[in-house]
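Comments concern the structure below.
Just so it is clear, the structure is predicted and the values come from calculations on it, not from any experiment. In what follows, chains are A, B, ... by sequence order, proteins preceding strands, each numbered from 1.
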Amino acid sequence: MARPNDEVAELFQEYADLLSITGGDAFKIRSYEKAARGIGGYHKDVSTLGTSELRSIPGVGASIADKIAEYVATGTVAAVERVRQKVPPGVRRLVAIPTLGPKKAAALYEQLGISSVEELEAAIHSEALRGLKGFGPRTEENILHGIRLLRQSGERVLLDTALGLAEEIVAAVSAAPGCLRCTHAGSLRRFRETIGDVDVLAAAEDSGPLMAALRDSPVVAEIIAAGEKKTSVRTTEGVQVDLRVVPAAAWGAALQYFTGSQAHNVRTRVMAVRAGLKLSEYGLFDSGTGELIVSETEDEVYGRLGLPWIPPTLREDRGEIEAGLDGTVPRLVTEADLRGDLHTHTDLTDGVGSLEHMVDAAAARGLEYYAVTDHAPDMPMQRMTAEKMLAQRERVRELDRKHPGMRVLHGTELNIGPDGDVDWPHAFLREFDLCVASVHSHFTQDRATMTRRLVRACENPDVAVIGHPTARLIGRREPIDVDLEELFRACARTGTALEINAQPDRLDLRDEHILLAKRFGVRFAIDSDAHAVGHLGFVRYGVGTAQRGWLTADDVITAWPWPRLREFLEAGRS
DNA sequence: GCCGTTTTCGGCCCGACTGTTTTCAGTCG
């Protein structure tokens with residue numbers, strides 16, 4: 001499903017990696033990395049753009065614009081091919097080993113001809129690295145350890161796993177004597193869909209007891225590094241946790257720094273330098289006198305740079321700096337804005353909560369409306385029938401009367417068949433309050449077929465929401481191959497909302513696709529897809545993902561009051 | 001290789017920790 005932009009971004013990232021192994025100019029390498037990010041996040045398809053428009057992409061100048069054009073025309077870039085000749089693909093793999101970077105990879109390849117992880121492992125065992133400059137016994141051990149990690153998991157963990165771990169560590173560190181503040185930062189605070197390692201920040205005068213609290217935590221399996229300001233550990237589940245301790249006066253600067261992203265921080269530091277300032281995790285300083293200017297809150301740090309406070313979920317260098325300067329940072333949708341949930345299950349199909357329990361739990365969350373959308377019969381394992389559905393409807397209507405503060409809606413999650421048909425005829429579907437429709441089978445159709453299939457589902461007047469639109473399962477199933485722009489156009493034209501499914505292993509649509517869809521005027525439904533009472537809270541991950549897609553409450557139909565949502569549903573059916 | 005209301009040339013973010021070092025390079029975030 002790679003867009004041309006993603007292909008070009010990956011190509012330039014590879015080029016940057018290869019240049020770093022061959023010892024290329026560090027600034028040139030950074031330029032290619034920056035251009036790769038700019039191209040990957042650019043909203044227009046680079047294969048349709050002329051030179052001048054290519055050069056308006058952040059980080060793209062004359063030389064890179066030419067290389068993009070060359071790639072679009074020929075499918076290859078001569079400069080990249082040349083450096084590929086010099087560095088076998090296995091050598092690039094070496095830098096994926098923790099503690100092994102481009103310099104060591106280059107030394108191993110040039111001096112010993114090592115060009116794969118397997119060869120490196122064998123070379124260490126046969127003591128071939130002995131005597132190689134810069135490679136002592138500890139380095140050998142670290143590399144072997146790194147190879148084991150790479151093979152075992154090396155994988156990123158899902159948001160809910162990382163957040164649970166972070167909350168546990170934050171509680172332990174907060175309880176240590178002298179801890180003034182403690183919270184998680186990093187990609188977790190930015191709500192990235194998967195987390196590589198968990199960053200925890202604390203403030204204290206004496207870091208000793210805090211570091212000890214982390215080291216002594218029962219979840220810690222291994223201590224990677226232990227210093228006065230930073231301790232890194234690996235948990236029994238293989239997740240790395242970094243704890244940084246700073247003085248309370250530096251809290252804001254440190255939180256800003258450790259929240260990232262790296263690309264965002266590069267931008268803020270450059271802004272500081274241009275203003276005659278120096279920004280570090282300890283504060284914003286006058287670069288001439290070294291005098292501290294601000295450091296206590298993030299608000300002050302951004303303010304002194306001429307920016308409003310920027311929400312962590314936007315800090316990816318995807319235009320938030322420019323929006324800050326223009327005063328156009330959006331008021332992002334929050335969990336408090338959500339008024340309902342339009343995709344949930346009960347034990348009538350594959351849920352584990354009874355209808356009554358689910359509805360009571362939804363009411364306890366203070367929702368204004370709540371839709372029960374059990375699976376339809378074309379998913380044979382669910383054993384659904386029209387009779388069961390109608391019987392459930394009677395109970396839903398009763399519950400609706402029992403909960404005067406909350407509309408209980410009766411819906412269903414239909415299956416989008418291979419050619420775009422759904423389970424029941426219009427006469428039956430029209431009696432539901434709303435229908436979600438999702439792909440649950442035939443995941444490998446070609447793009448044209450898959451696109452027609454989804455567009456047909458959008459055109460069905462009874463379908464209000466497309467559920468988990470790309471059907472991916474993070475780390476387990478690739479997204480379906482669909483022309484997203486075609487789908488977004490169809491949604492906007494037919495008044496069909498796209499779901500932001502908040503299950504942590506789905507998060508579907510994902511952030512960048514939300515950003516793109518919004519440009520087409522698409523509306524979104526943040527849904528829990530809850531199969532149990534405990535899943536209703538997953539919407540926090542959906543909100544984080546929506547924020548990463550720059551959505552406001554106005555973009556999200558589940559943040560609308562019921563009368564506005566009812567109008568939207570009726571308009572889609574007319 | 002990119003970029004510019006200080007610059008079309010000369011800059012380009014910055015600090016912590018580890019390991020192999022006799023003063024610092026490499027890696028990481």
Side-chain angles (χ1 to χ4, degrees), chain A residues 12 15-16 19-21 23-39 54-68 79 94-108 129-143 145-146 185-188 190 195-201 207 211 223-233 240-246 250 253-254 256-285 287 305 317 325:
Chain A
F12 287 152
Y15 189 47
L19 288 176
S20 71
I21 292 166
D25 175 54
F27 295 114
K28 178 171 163 181
I29 293 163
R30 223 179 275 168
S31 294
Y32 276 100
E33 287 177 335
K34 188 179 175 204
R37 282 198 308 274
I39 293 160
L54 286 173
R55 291 194 57 174
S56 68
I57 301 172
V60 175
S63 170
I64 291 183
D66 284 349
K67 288 189 176 68
I68 298 173
L94 294 181
V95 303
I97 300 170
T99 73
L100 204 161
K103 293 289 191 294
K104 284 201 170 79
L108 290 166
L129 270 59
R130 299 292 162 86
L132 195 60
K133 188 162 176 263
F135 289 80
R138 296 285 310 179
T139 302
E140 284 189 356
E141 272 176 46
N142 288 341
I143 292 174
H145 187 53
S187 54
L188 184 55
R190 305 198 313 276
I195 306 300
D197 47 47
V198 170
D199 292 301
V200 176
L201 178 68
S207 68
M211 298 304 192
I223 293 164
I224 301 165
E228 189 191 338
K229 294 174 175 164
K230 174 180 169 182
T231 293
S232 296
V233 301
Q240 183 172 328
V241 179
D242 294 337
L243 171 63
R244 292 288 298 239
V245 180
V246 298
Q256 197 277 332
Y257 178 74
F258 292 116
T259 297
S261 63
Q262 201 177 351
H264 176 85
N265 286 355
V266 167
R267 293 294 307 273
T268 53
R269 289 198 174 191
V270 168
M271 288 181 75
V273 168
R274 297 218 170 116
L277 307 169
K278 188 189 72 155
L279 180 59
S280 78
E281 55 264 54
Y282 295 110
L284 191 57
F285 300 88
S287 54
L305 293 174
D317 192 20
L325 291 169

For the pair made of CD1 in A:I224 and P in B:dC17, what is the distance, rounded to whole Å? 14 Å

One should read off an interatomic distance between A:D25 CG and A:S20 OG, to the nearest 0.5 angstrom, of 12.0 Å

Using 0.5 Å steps for rounding, measure from the CD1 atom of A:I29 to the CG atom of A:L19. 5.5 Å

Counting only side-chain N and O atoms of A:Y282, is one of them less than 4.0 Å from OP1 or OP2 of B:dC13? no

Any strand counts, and the cut-off is 3.5 Å on both contacts for Watson-Crick or G-U wobble. Which nucleotide pairs with B:dT8? none

P spacing across the pair B:dG15 / B:dC9, given as an integer number of angstrom: 31 Å

What does A:E33 touch in the nucleic acid at a heavy-atom separation under 4.0 angstrom: a base, only the sugar-phosphate, or nothing? nothing

Considering only atom P, compute the distance from B:dC28 to B:dT22 and round it to an integer number of Å. 23 Å

Distance check, C1' atoms only: B:dT18 and B:dT23, in whole angstrom units. 15 Å

Please report, rounded to the nearest Å, how far the P atom of B:dT18 is from the CD atom of A:E140. 20 Å

Between A:T268 and B:dC13, does any side-chain N or O lie under 4.0 Å from OP1 or OP2? no

For the atom pair CG (A:L284) and CZ (A:R269), what is the distance rounded to the nearest 0.5 Å? 10.5 Å

How is A:A226 classified with respect to the nucleic acid when contacts are heavy atoms under 4.0 Å: base, sugar-phosphate, or nothing? sugar-phosphate

Roughly how many Å apart are B:dC17 and B:dC12, using the P atom of each and rounding to a whole number? 25 Å

A:F285 atom CZ is separated from B:dG15 atom C1', nearest whole Å, by 12 Å

Think A:R138 has a side-chain N or O under 4.0 angstrom from the OP1 or OP2 of B:dG19? yes

Which heavy atom of A:G59 sits nearest a heavy atom of A:A35, and at what distance? O-CB, 3.6 Å

B:dT20 to B:dC24 separation - C1' atoms, rounded to the nearest Å: 9 Å

Interatomic distance, A:I64 atom CD1 to A:K34 atom NZ [nearest 0.5 angstrom]: 10.0 Å

Identify whether any heavy atom of A:N142 sits under 4.0 Å from a base atom; if not, whether one sits that close to sugar-phosphate; answer base, sugar-phosphate or nothing. sugar-phosphate

Residue pair A:I224 / A:Q240, side-chain heavy-atom distance below 4.5 Å: yes

Atom CZ of A:F27 to atom C1' of B:dC9: distance rounded to whole Å? 14 Å

Between CG of A:D66 and P of B:dG1 the distance, given in whole Å, is 10 Å

Grab the N/O contacts between the protein and nucleotides 26-29 of chain B below 3.5 Å, and write none if there aren't any.
unit_1: B:dT27; atom_1: OP1; unit_2: A:G101; atom_2: N; d: 2.7
unit_1: B:dT27; atom_1: OP1; unit_2: A:G101; atom_2: O; d: 3.1
unit_1: B:dT27; atom_1: OP1; unit_2: A:K104; atom_2: N; d: 2.9
unit_1: B:dT27; atom_1: OP2; unit_2: A:K103; atom_2: N; d: 3.0
unit_1: B:dT27; atom_1: O5'; unit_2: A:G101; atom_2: N; d: 3.3
unit_1: B:dC28; atom_1: OP1; unit_2: A:T99; atom_2: N; d: 2.7
unit_1: B:dG29; atom_1: OP1; unit_2: A:D197; atom_2: OD2; d: 3.2
unit_1: B:dG29; atom_1: N2; unit_2: A:Y257; atom_2: OH; d: 2.6

To the nearest Å, give me how far apart CD1 (A:I29) and P (B:dC2) are. 14 Å

Under a 4.0 Å threshold between the charged nitrogen and the carboxylate oxygen, would A:E33 count as salt-bridged to A:R30? no

Here's a test of your reading of the structure: between A:N265 and A:A62, which maps to the more 5' nucleotide of DNA chain B? A:A62

Would you measure the distance from the C1' atom in B:dT8 across to the matching atom in B:dC3 and give it in whole Å? 9 Å

With rounding to whole Å, what would you report as the distance between B:dC2 and B:dT7 at their C1' atoms? 14 Å

Taking all heavy atoms of A:T139 and all of A:K104, pick out the closest pair and write down the distance. CG2-CE, 3.7 Å

Name the nucleic acid region contacted by A:R244, choosing base, sugar-phosphate or nothing; use a 4.0 angstrom heavy-atom cut-off, strictly under. sugar-phosphate

Is there side-chain contact between A:L201 and A:T259, with at least one heavy-atom pair below 4.5 Å? no

Considering every strand and a 4.0 Å limit on heavy-atom distances, what is the contact class for A:A272: base, sugar-phosphate, or nothing? nothing

When all nucleic acid strands are considered with a 4.0 Å heavy-atom cut-off, which category describes A:K34: base, sugar-phosphate, or nothing? nothing

Atom CZ of A:R30 and atom C1' of B:dC13: how far apart are they, to the nearest Å? 7 Å

Considering only atom P, compute the distance from B:dT21 to B:dT27 and round it to an integer number of Å. 15 Å

Could you state the atom-to-atom distance from CZ of A:R130 to P of B:dG19 in whole Å? 16 Å

DNA chain B nearest-nucleotide lookup for A:F135 and A:L279: closer to the 5′ end is A:L279

